[in-house]
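Only one structure is covered here, and it is reproduced in the block below.
In listed order, ligands and their atoms are each counted from 1.
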Amino acid sequence: MPVIRVALDVPLATLFDYAVPPDLSVVVGQRVLVPFGRKQMVGVVMECAMNSALAASRIKPILQVLDEILPLTADVLALLKFCSDYYHHPLGATVLSALPVRLRASDPFVPPKNITGQVLRYTLSASGQALDLETFPKRKIVQRRILSALQASHLNVTQLRALSDSASAALKALLQAGWVELCAHETVESPASTPFIQSNHTLTAEQQHAVDAIKKIQGYACHLLHGVTGSGKTEVYVHLMHHFLQQGGQVLLLVPEINLTPQLENYFRQRLPNVAITSLHSGLNDNQRTQNWLEAQSGRARIVLGTRLAVFAPLPQLALLIVDEEHDTSFKQQDGLRYSARDVAIFRASQRAVPIVLGSATPTLESYYNAKNGRYQLLRLQQRASSQARLPEIRCINISNTTMPHGISEPLLAALGERLQRGEQSLIFINRRGYAPVLMCTACNWLSGCPNCAGKLVLHMQDGRLRCHHCGYQKIVPHACPSCGNVDLQPIGIGTQRVASALQAHFPEARIARVDKDSTRNKGSWVAMWQKIQNAEIDILVGTQMLAKGHDFPNLTFVGVLNPDSALYSGDFRASEKLFAQLVQVAGRAGRAEKPGQVLVQTAFLDHPLYRALHDHNYDSWAQTLLAERQMAGFPPFVYQVMLRAEGKQESATQAFMQQARTAAMPLAQGVEIYGVVPAALSRRANHVRLQLLMQSDTRKALQHFLHDWRPLLETLPAQKIRWSLDIDPLDF
Ligand code: ADP
Ligand code: ZN
Ligand code: ZN
């Protein structure tokens, strides 16, 4: 009896057989509604088979074929199959997690027409078409931008808003003037005219070389674009996109941070004005996300810009993949399917036989090593692109014998004062939000610990609370020590709030903005702040790593770094690699335009090779130091790792599970080294004990072979009330 094999979002590593009633017909890749237990579920058809291992009487018929969207193509299904195998995650859960939430539900997807304006588009009226943009008032920048975008194609509200934060107001003015009108678009547009690049920069010799080298190779190749901050990697992307779009291809660009997508989308829209661009990230609501996903699938969207989940987007004409800031750890998903979007992108490029570009100023050691041994092609941009811009001068200052109120040294205050006088912007980087990481009693040394976790409660001054950043526990700041009654409680260490308020006290006139997860929690608050920075309405920015990534603030000339040292004695062997990347990124925010930039780093370890390499802008020397260390210690990229993690309320049961898992692993471990069971870095979280077990091997193959045998044994272990997971190529230790 012929059956179809269906992927369902259940935690079982199998597909499920169903029959197709004679009045229905299905193809592989289609969504179907099936009975499952007492429920109905949406699944994806993975295979058609001539017979089933099940008795005919046990095979139920499918209920419905959900055919309002195109089936997933074989390449997407193969990609998901690969991820399920490689990351040892159930196939059904993998396949369904790649669909937008709306398409995992059985009710038909109705495009959000007039409600969100998705299908209503704006166009030039007859009088608008007659306008001469050359004579249009120059100061109406946003209106001009909208008019010129509409000359190229019809755009919906979302697309127009991406052109500028004040697009709504400008649009209103244009509608009132009668130059722009609405039209209802129900049909697919005719293909746009040949893509062209607006207001072309002349590429620098280095940029041109990179573009040519990437264009030259046919088929799959992985290029590592190692370009210093401000070297114009984005411009290289624009020219590559243009090249592959001209040939009718689609381009996928992955970025680490959803905060960066609107600016980038805006940038590409301006540079490639007649190209349909869409974005996929978790900041979109379900309907928008589904709509954008369908635009990618239909081929209408030529450029898809997204965060890690976009790596699974259906792209029938995929011709180029780009992973920007490839070193960023947010490309790794930390729960469910624990995939690395960068690695999946590389697999996808090779599967589709198309080029992929990994861009970074500080490539991961893995990528650097692959470039050195010839698996990737290394392309370098060593100069800043804009002719006047230079890399910033980096100074490290020794603070080991200095007492500093609120952690800010005299030279740093002096540098800030100078910038304030000159009307230039400064950025103070401190990777800690809140006021202080812990509160202490001066009499008995009591520390504000979290009752549920192994971590400390962070002091938040603004609402007078102590908060756990791991489990969310919070309480009002006590008036006296809970242990001895002493009323003299002192904040220990510094966070963004403390630094911002200390600087405000020191520079009462300065306009200071704090940028961290707390200050940008409300929707739109970051966009508003970003606009203020661009408009030079902020003098000093105090922020966490949110500020370090990718931003281009032309008036910013000074960066101060507080407290970076803790990463140097972390238990995580990647901590110093990450720190270097972070410092290069944040330093790279300074002096990106004509005015030279300066960076001051406060450290107690002046002679550490990390700070020397940072000072010399010498990524290579640093990477080689680290590679030598890793080789000696037997760490990645010289070995491949997998981590088993478990957490449970009961210490003994969790230990027992892990020990049994280890015992089961021992006889299977050929060419695989198995470490001992140890507590995680945060050994208790939300009242759960957390344990981990590391395994590693010289080859991926041996490790995969081992996992293939071991994983089924893990499934059979008694694991009541224990949550466990396997993390392949883990980044967190
Ligand atoms: P990166 O991403 O490498 O840090 P960006 O792509 O943000 O650098 O570019 C830095 C700045 O240099 C931007 O303001 C960009 O407009 C400018 N730029 C890029 N390429 C050129 C070029 N060929 N000539 C002049 N300016 C350029
Ligand atoms: Zn006390
Ligand atoms: Zn907690």
Backbone N/O of R433 and side chain of Q497: donor-acceptor pair under 3.5 Å: no
Any N or O of Q207 that comes nearer than 3.5 Å to an N or O of ligand 1? yes
Is any N, O or S atom of C471 under 2.8 Å away from the Zn ion (ligand 3)? yes
Does any part of the side chain of H201, heavy atoms only, come nearer than 4.5 Å to the side chain of R271, both counted from C-beta? yes
Of L381, L264, T234, the residue with the heavy atom nearest atom 2 (O) of ligand 1 is T234
Ignoring hydrogens and angles, tell me if any N or O in the side chain of R589 forms a donor-acceptor pair with the backbone of A548 under 3.5 Å. yes
Using a 4.0 Å cut-off to any heavy atom of T202, which atoms of ligand 1 qualify? 22 (C), 23 (N), 24 (N)
Provide, to 0.1 Å, the distance between atom 18 (N) of ligand 1 and the closest protein heavy atom, together with that atom's residue and name. A385 CB, 3.7 Å
Looking at ligand 1, does S231 have a heavy atom less than 4.0 Å from it? yes
Can you confirm whether V438 sits close enough to L457 that some side-chain heavy atom of one is under 4.5 Å from a side-chain heavy atom of the other? no
Would H470 count as a contact for the Zn ion (ligand 3), in the sense that one of its N, O or S atoms lies under 2.8 Å from it? no
Could you tell me if the side chain of E577 sits less than 4.5 Å from the side chain of L365, heavy atoms only? yes
Less than 4.5 Å apart, side chain to side chain, heavy atoms only: is that true for Q383 and V228? no
If we only count heavy atoms from C-beta on, is the S576 to W622 side-chain gap below 4.5 Å? yes
Please confirm whether D552 comes within less than 3.5 Å of ligand 1 when only nitrogen or oxygen atoms on both sides are compared. yes
If you count the atoms of ligand 1 from 1 in the order shown, which ones are under 4.0 Å from a heavy atom of T229? 4 (O)
State, to the nearest 10 degrees, the angle whose vertex is the Zn ion (ligand 2) and whose arms point to SG of C444 and SG of C481. 110°
To which of H201, E325, E235, R384 does the heavy atom nearest atom 17 (C) of ligand 1 belong? H201
Apply side-chain contact (heavy atoms from CB on, under 4.5 Å) to residues C453 and R684 and explain how you reach the verdict. CA-CA 5 Å; C453 304; R684 195 164 55 97; 5.6 Å; no
